[in-house]
Structure formats: C-alpha cells, structure tokens
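The next block holds one structure in the form of structure tokens; read it before the comments.
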2 protein chains.
Amino acid sequence: MAAANIKEVARHAGVSLGTVSNVLNRPDTVAPATRQRVLDAISELGYVRNDSARQLRAGHSRTVAIVVLDVANPFFTDVVRGAEQVVEEAGAMLVVCNSGEDSARERRHLDLLEEQRVRGVLITPVGHGPQPNLDKLIDRGIPVVLVDRGSGRASRCSVAVDDVLGGRLAMDHLLDQGHHRIAYLGGPFSIAQVADRHAGAAAALDDRGGADLRVATTSSLTVAAGRRGAEDLLALPARQRPTAVFCANDLIALGVLQEVTARGLRVPADLAIVGYDDIEFAGAAAVPLSSVRQPREQLGRTAAQLLLEEASAGEKHRHRHVVFQPELVVRRSSDQPRRTRR
Amino acid sequence: MAAANIKEVARHAGVSLGTVSNVLNRPDTVAPATRQRVLDAISELGYVRNDSARQLRAGHSRTVAIVVLDVANPFFTDVVRGAEQVVEEAGAMLVVCNSGEDSARERRHLDLLEEQRVRGVLITPVGHGPQPNLDKLIDRGIPVVLVDRGSGRASRCSVAVDDVLGGRLAMDHLLDQGHHRIAYLGGPFSIAQVADRHAGAAAALDDRGGADLRVATTSSLTVAAGRRGAEDLLALPARQRPTAVFCANDLIALGVLQEVTARGLRVPADLAIVGYDDIEFAGAAAVPLSSVRQPREQLGRTAAQLLLEEASAGEKHRHRHVVFQPELVVRRSSDQPRRTRR
DNA sequence: CCGGCTGGATGAAACGTTTTAGGCGCTATA
DNA sequence: TATAGCGCCTAAAACGTTTCATCCAGCCGG
C-alpha cells in the first residue's frame with residue numbers, strides 16, 4: 001500500500017483538500033457528518049500524516065533534541081528521563097544525540113539538527129570556549145538551553161548544579177576526615193564540570209590550608225579511565241601517595257575502587273574515595289561510595305521547561321539561569337574514625 | 001537573520017535554482033568557476049539546507065530510530081552505541097526513543113516515527129504478542145529490525161542473543177554449585193527476555209532434576225524492583241527460602257544484593273546471586289556479580305547493518321535472523337566451595 | 001556548411017501539507 | 001427587502017527542495 005495523501009482522502013470522502021486538513025487540525029470547525037465521512041476515509045485508506053510536509057509548511061519541527069556527552073553515563077540518562085517527561089507532555093518528541101565528548105561529533109549533530117529545524121536544543125557542550133555552532137543556532141532563532149553548564153551568557157538559558165560548591169563539599173569532608181594528601185582525579189579539563197569541581201576543591205583547600213592537592217587527569221569520564229588513573233596514583237612512592245581521592249564523577253570513582261580492590265588494598269583505610277553524581281550504582285558498589293548528589297531528573301525537567309517556554313514566548317522571552325545545590329552523601333568509602341593522617 | 005533559502009543563494013550567485021542544487025548534490029557536474037561562486041554565496045548568506053523540504057521531495061528521511069525499553073539500562077545504552085557507529089558511518093542519524101516498557105508510549109513513538117517517514121526502526125518491543133503497529137510500518141515499506149527478540153517472523157529481520165541458552169547456563173551453574181532451592185526473579189513476563197531466560201532455566205532443571213525453582217515476578221527490570229523482590233524472598237520461612245537466585249537482569253540482581261547486604265546477610269553464603277547482561281557495574285558491585293554476558297555493542301551494530309541493508313536493497317532483500325551466543329561469567333556472588341546444600 | 005554531440009546551465013513540475021481569502025446559502029435583524 | 005453575520009466549505013498559494021526535460025553554445029567530423 002503506497003502512502004495515501006491528503007488529496008486521496010479528500011477525493012475518497014468527496015470533500016475538498018482543505019476540509020480534510022481542518023478535520024485533522026480544527027475538528028470543531030467542520031460539520032459532524034462531514035467530519036465522520038473524512039475520518040472513515042482516513043482509516044479506510046490507512047492515511048498517516050506526512051510530517052515533512054507539515055514541517056516544511058510550519059517552518060520548524062516538533063521535535064526537541066538533547067545532546068549529551070555520553071549516553072551510557074547514568075547521570076545523563078536520568079537527565080534525559082526528566083526532560084522526556086516534560087517534552088512529551090507538551091506533545092513534542094525528544095531525540096537523544098550522543099556527542100561522546102567529541103567536539104567534531106557534536107558539531108555534526110548540531111549541523112544536522114539545524115538542517116532539521118528542530119524546535120530547540122538542550123545541550124551539555126563538550127568544551128567551554130566560544131561555541132560558534134550554538135551561536136549559529138541561536139541566530140537562526142532556535143532556542144538553546146545549556147544543561148549542567150552555568151554560563152553567564154545572556155544569550156541563552158541554562159540549568160546547572162553548582163559544581164564549585166560540590167567540589168567544596170567533597171573537599172571539606174575529606175579535610176574533616178583528617179586527610180593531608182589528596183588527589184583530584186578527572187578529565188579532560190576541557191569539560192566544564194571537571195574544571196569546576198576541581199576549582200571548588202582547590203578553593204576549599206585555600207580557605208583551610210594544611211593539605212596537598214594533587215591533580216591527576218584522565219582522558220575521559222569512564223570506569224576504564226578511572227582504573228588507569230588509579231594505577232598511576234598507586235604507582236607513586238608511599239610518601240607522595242595520596243590517602244584520599246576525589247573523583248570528577250562516579251564512573252571514575254568506581255574504576256578507582258575496582259583497581260584498588262584488585263590490588264588487595266582497603267577502602268577507605270588505604271585510600272578514601274569520594275565520587276560525584278551519586279548514580280544508582282554508587283550505593284551498590286563494593287564499598288558503598290560517598291558521592292555528591294545532584295537533582296538529575298529535575299535538571300532535565302527544568303531545562304525542558306525553559307526551552308519550551310522560550311520556544312513559545314518568542315521575542316519577549318527573558319533568559320534565565322537556574323542553579324541547583326548539590327548535596328554530599330557520605331558512605332563507607334570515605335567514612336572512618338577521625339584521626340590525623342600523615 | 002532569517003533562514004536563507006536556495007532561491008536567494010541562486011540570486012546572489014547569479015545562477016539558477018537548479019544549479020545551486022547541483023552544487024549541493026552533484027558538485028562535479030557544475031563548472032568550477034560557477035561552483036565557487038555558489039559556494040561563496042552559500043557561506044555569505046549562512047545558508048543551511050532545509051531538511052523538511054528535502055525529505056518531502058525524497059519521500060523519506062535520513063534518520064533511523066531505535067526504540068528501547070529503558071534508556072537508563074546499561075544494556076540498551078551499549079546497544080545504542082553499537083548501532084550509532086554503523087548508522088553514523090552511513091551518514092544517517094540515529095535517534096533514541098524510550099518506551100519505558102510501556103506499550104502506550106511505544107505506540108505513540110511508532111506513530112510519530114511513521115509520520116516522520118523514518119528510514120527504519122530498530123526496536124525491542126514491549127510485549128510479544130502480535131504487533132499491529134510494527135506491521136503497519138512494514139506495510140508502509142519502512143524496514144523494521146527486532147533487537148534482542150528472535151521472532152521467527154519471516155516479515156522482518158532480527159538480532160538476538162539466545163536467552164533460553166543464557167537461562168540454561170545460569171541454571172546449570174547454580175545446580176553445579178549444589179543449590180536445591182532456587183528462585184527466578186524478574187518481570188513482567190510480558191517482556192520476552194524475562195520469559196525466555198526463565199524458560200531456559202526451567203528446561204535445565206527439567207533435564208537434571210533434583211531441585212526446586214520458585215518464580216518471583218517483579219513489575220519492572222530496575223534496581224528498586226530487585227530490592228522489593230528480595231524483600232519478598234527473604235520474608236519466606238527458612239525452610240522454603242531459596243539459597244540462590246537467578247535474576248532476569250543485572251539491575252534486579254544489584255537490587256537483591258543491596259537488600260541482602262542491608263540485612264546483614266552474606267552473599268553467596270546465605271544467598272547466591274546470578275545476574276544477566278554483565279553490565280559494567282556488575283564487576284564493581286559490593287560482591288562482584290556473576291552474570292550472563294551478551295555481546296551488546298555487536299548486537300546494536302549488526303541490527304543497524306541489517307536495517308541499512310534492507311533499506312537500500314528494497315524488494316529483493318531477504319530477511320535474516322541473527323542469533324548470538326551468551327556466555328556465563330562467574331564471579332564471587334555465586335562461587336563457593338562445592339558442597340550439597342539443604 | 002550542416003548534423004550531431006557534449007558540458008553546462010535553466011525552468012518548471014512535483015512532493016504533501018497548512019493557511020488564507022473568499023463563496024454560498026441561511027437566518028436574524030433592522 | 002436589504003444587510004449583516006454565521007456556519008460550512010472550497011480553491012489556490014506557499015513552504016524549499018530535487019529532478020527532469022530542455023536549451024544553448026561550442027566543437028568535431030563529414
């Protein structure tokens with residue numbers, strides 16, 4: 001069966017083309033009898049709207065895109081779920097694109113999305129420099145909301161969790177636990193979250209002093225990268241080896257935990273670990289993981305709301321920047337009798 | 001800047017509309033000098049192709065959709081990554097839709113995708129009854145590939161892992177370990193994987209005898225559902241309580257592990273656990289989880305390949321059904337000195 | 001000098017909607 | 001009786017591409 005179009009439906013129902021369109025879009029403006037005839041024709045022919053034509057006419061599509069750094073990262077999957085709720089409620093469709101922390105792929109996705117004239121884009125950009133591609137979208141009138149990236153830019157909305165504060169919370173906690181040699185493990189620093197969390201940790205240390213913060217960078221935010229990072233840390237001579245590590249996210253932390261455990265060392269006695277994101281698996285880890293919790297689904301919901309608002313308000317929209325507060329969840333991986341450590 | 005269209009570009013470059021189109025689609029058919037003039041006009045005006053118009057003309061889009069049961073499930077995220085590779089290589093775009101194990105949402109997604117005339121659909125359907133929506137897509141000529149669902153249906157391709165075999169492997173292993181009271185935890189049974197894995201386990205038991213298989217159903221395949229399922233199992237009187245549990249997936253298994261640990265019981269001594277999927281977190285769990293491993297990314301890759309093949313081969317395409325073999329990975333959660341248990 | 005060929009460009013049709021201006025037959029009002 | 005208003009419907013234009021049938025100029029062989 002070839003795809004029937006609106007014209008065939010019209011012929012079949014003995015009405016004009018515009019009437020069919022009215023049945024579809026403003027059913028109450030057409031007489032009940034006619035409407036029924038059209039509906040019958042529709043179901044008889046198995047007619048399905050052609051969205052391309054619709055979009056062409058409308059000038060934009062009804063889909064909203066979210067571009068995440070990593071589809072397999074539980075942080076983002078929860079953000080996606082939050083955004084999904086809101087977007088679907090509004091009768092639109094959410095499509096998920098994966099940049100894989102690769103700015104070339106990000107660019108390709110954005111180009112494609114622009115060609116598709118999507119209704120709007122939620123994005124956690126890969127870098128934190130200027131973003132010509134995003135600006136291009138905005139120029140074209142496509143609303144963009146930055147997710148988990150608090151840019152002060154006035155040209156777009158953003159939702160974020162205060163990563164600097166999160167870094168502070170984690171660091172304060174480790175200092176409270178009496179650690180003096182602490183490592184920050186994460187990367188690449190081109191990812192804003194990685195840099196901000198580190199900045200918070202460094203600031204906390206500046207305020208209180210009396211400890212050492214070593215930075216070890218990873219090439220990505222994955223379990224495997226965490227394992228490799230841990231190898232490096234553990235290879236240090238005992239006097240330099242940190243007694244605690246603050247990881248840029250939970251995947252890294254789980255990697256560290258795996259590596260440490262594999263070598264027969266104990267957590268937190270030999271190495272205390274604090275992660276970030278408090279993903280579902282953090283509590284189920286070999287040693288339950290301390291972590292900085294973020295309101296992930298809410299982040300997604302709020303982002304989607306801002307986007308839809310902007311999309312419908314048009315010119316008179318005022319950009320907003322929403323910042324949520326993170327919260328430290330202390331579990332076994334960093335919790336031990338208070339004493340000074342050397 | 002309003003979106004410039006092909007006509008303006010043509011005027012700007014002093015050529016006709018068709019020539020611009022040729023520059024875009026068949027650059028070698030237009031004289032170098034003209035081509036350059038057009039390209040200059042394009043970049044000067046910031047012209048971006050309008051994909052809706054393109055699609056309208058072409059009759060179909062260049063996007064491929066994948067509809068998964070749960071975006072937050074690591075199994076699917078890996079399948080998505082595999083499919084992504086192949087689809088992007090082919091210059092198309094993969095969009096991810098989440099049915100959330102809800103057939104109403106699945107239906108809405110499929111309707112929307114049909115309206116969009118997507119190039120093809122990869123899907124793990126919610127139920128395993130007849131699927132009128134899928135048939136509708138196929139009637140319309142949109143290729144559909146079933147993922148992780150080995151339907152013998154001749155009308156579509158499929159890729160799957162032999163879940164019955166996986167269930168056997170798990171069960172055989174537990175029997176080898178000397179367990180006599182075993183539970184199968186998972187649900188809903190309307191999900192084919194849940195039913196098949198159970199069938200495999202039951203078949204293995206039939207073959208060997210000498211043990212009891214209790215089925216406990218959950219409402220979904222999540223960590224939370226696993227915890228609730230474990231509560232029920234642990235509430236049984238000691239004589240009936242199973243000594244081992246085979247879980248329909250790793251999320252369930254992690255939930256069980258959490259609940260068991262929270263009550264101060266030991267794994268595997270008090271309760272052995274075998275999961276399914278071997279997700280990245282399984283090895284990092286409190287007690288490293290035994291699990292049935294599936295070639296997840298490859299599943300995605302193969303599915304995408306079949307889809308693209310069908311999309312381009314058209315009529316003369318022969319449907320294929322690819323089945324991969326799972327593999328049991330034994331870790332601490334089910335590994336213990338062999339002895340008979342009562 | 002003519003016919004045919006070729007590389008390069010053109011113009012118009014077509015894809016399937018939505019929307020807008022208007023038409024037609026009624027009824028209610030002045 | 002004219003007029004306005006209303007309910008219902010129609011016809012046609014427009015959205016931005018791609019493609020296909022032409023066309024034109026130049027060139028070659030005869």
[X] [atom1] to [N] [atom2]: how many Å, rounded?
X       : N      : atom1 : atom2 : result
A:Leu17 : D:dC9  : CG    : P     : 15 Å
B:Arg11 : C:dG11 : CZ    : P     : 15 Å
B:His60 : D:dT17 : NE2   : P     : 18 Å
B:Lys7  : C:dG11 : NZ    : C1'   : 12 Å
A:Gln36 : D:dC8  : CD    : C1'   : 17 Å
B:Asn25 : D:dC20 : CG    : C1'   : 14 Å
A:Arg54 : D:dT17 : CZ    : P     : 21 Å
B:Asp51 : D:dT18 : CG    : P     : 9 Å

Respond yes when some side-chain nitrogen or oxygen of [X] is under 4.0 Å from OP1 or OP2 of [N], and no when none is.
X        : N      : result
B:Thr19  : C:dT10 : yes
A:Arg35  : D:dC8  : no
B:Arg117 : C:dG16 : no
B:Asn5   : D:dG16 : yes

Ring centre gap for B:His317 and B:His319 strictly below 6.0 Å: yes

Residue whose closest nucleotide on DNA chain D lies nearer the 5' end, A:Gly18 versus A:Thr29: A:Thr29

Checking contacts here: which listed nucleotide ([options]) is nearest the side-chain heavy atoms of [X]?
X       : options                : answer
A:Ile6  : C:dT18, C:dA9, D:dT18  : C:dT18
B:Val15 : C:dG16, C:dT10, D:dT10 : C:dT10
B:Ser21 : C:dA9, D:dT19, C:dT17  : D:dT19
B:Arg26 : D:dT19, C:dG16, C:dG11 : D:dT19
B:Asn22 : C:dG16, D:dT19, D:dA11 : D:dT19

Donor-acceptor pair under 3.5 Å, B:Arg57 side chain vs D:dT17 base: no

Where B:Thr124 and B:Leu69 come nearest, the two heavy atoms and their spacing: O-CD2, 3.5 Å

Which atom of A:Cys97 lies closest to which atom of B:Met93, heavy atoms considered: SG-CE, 3.4 Å

Touch class at under 4.0 angstrom, heavy-atom based, for B:Thr34 against every strand present: sugar-phosphate

Sub-4.5 Å side-chain heavy-atom contact between B:Gln193 and B:Leu221: no

A:Ser99 side-chain N/O to A:Val68 backbone N/O, donor-acceptor pair under 3.5 Å: yes

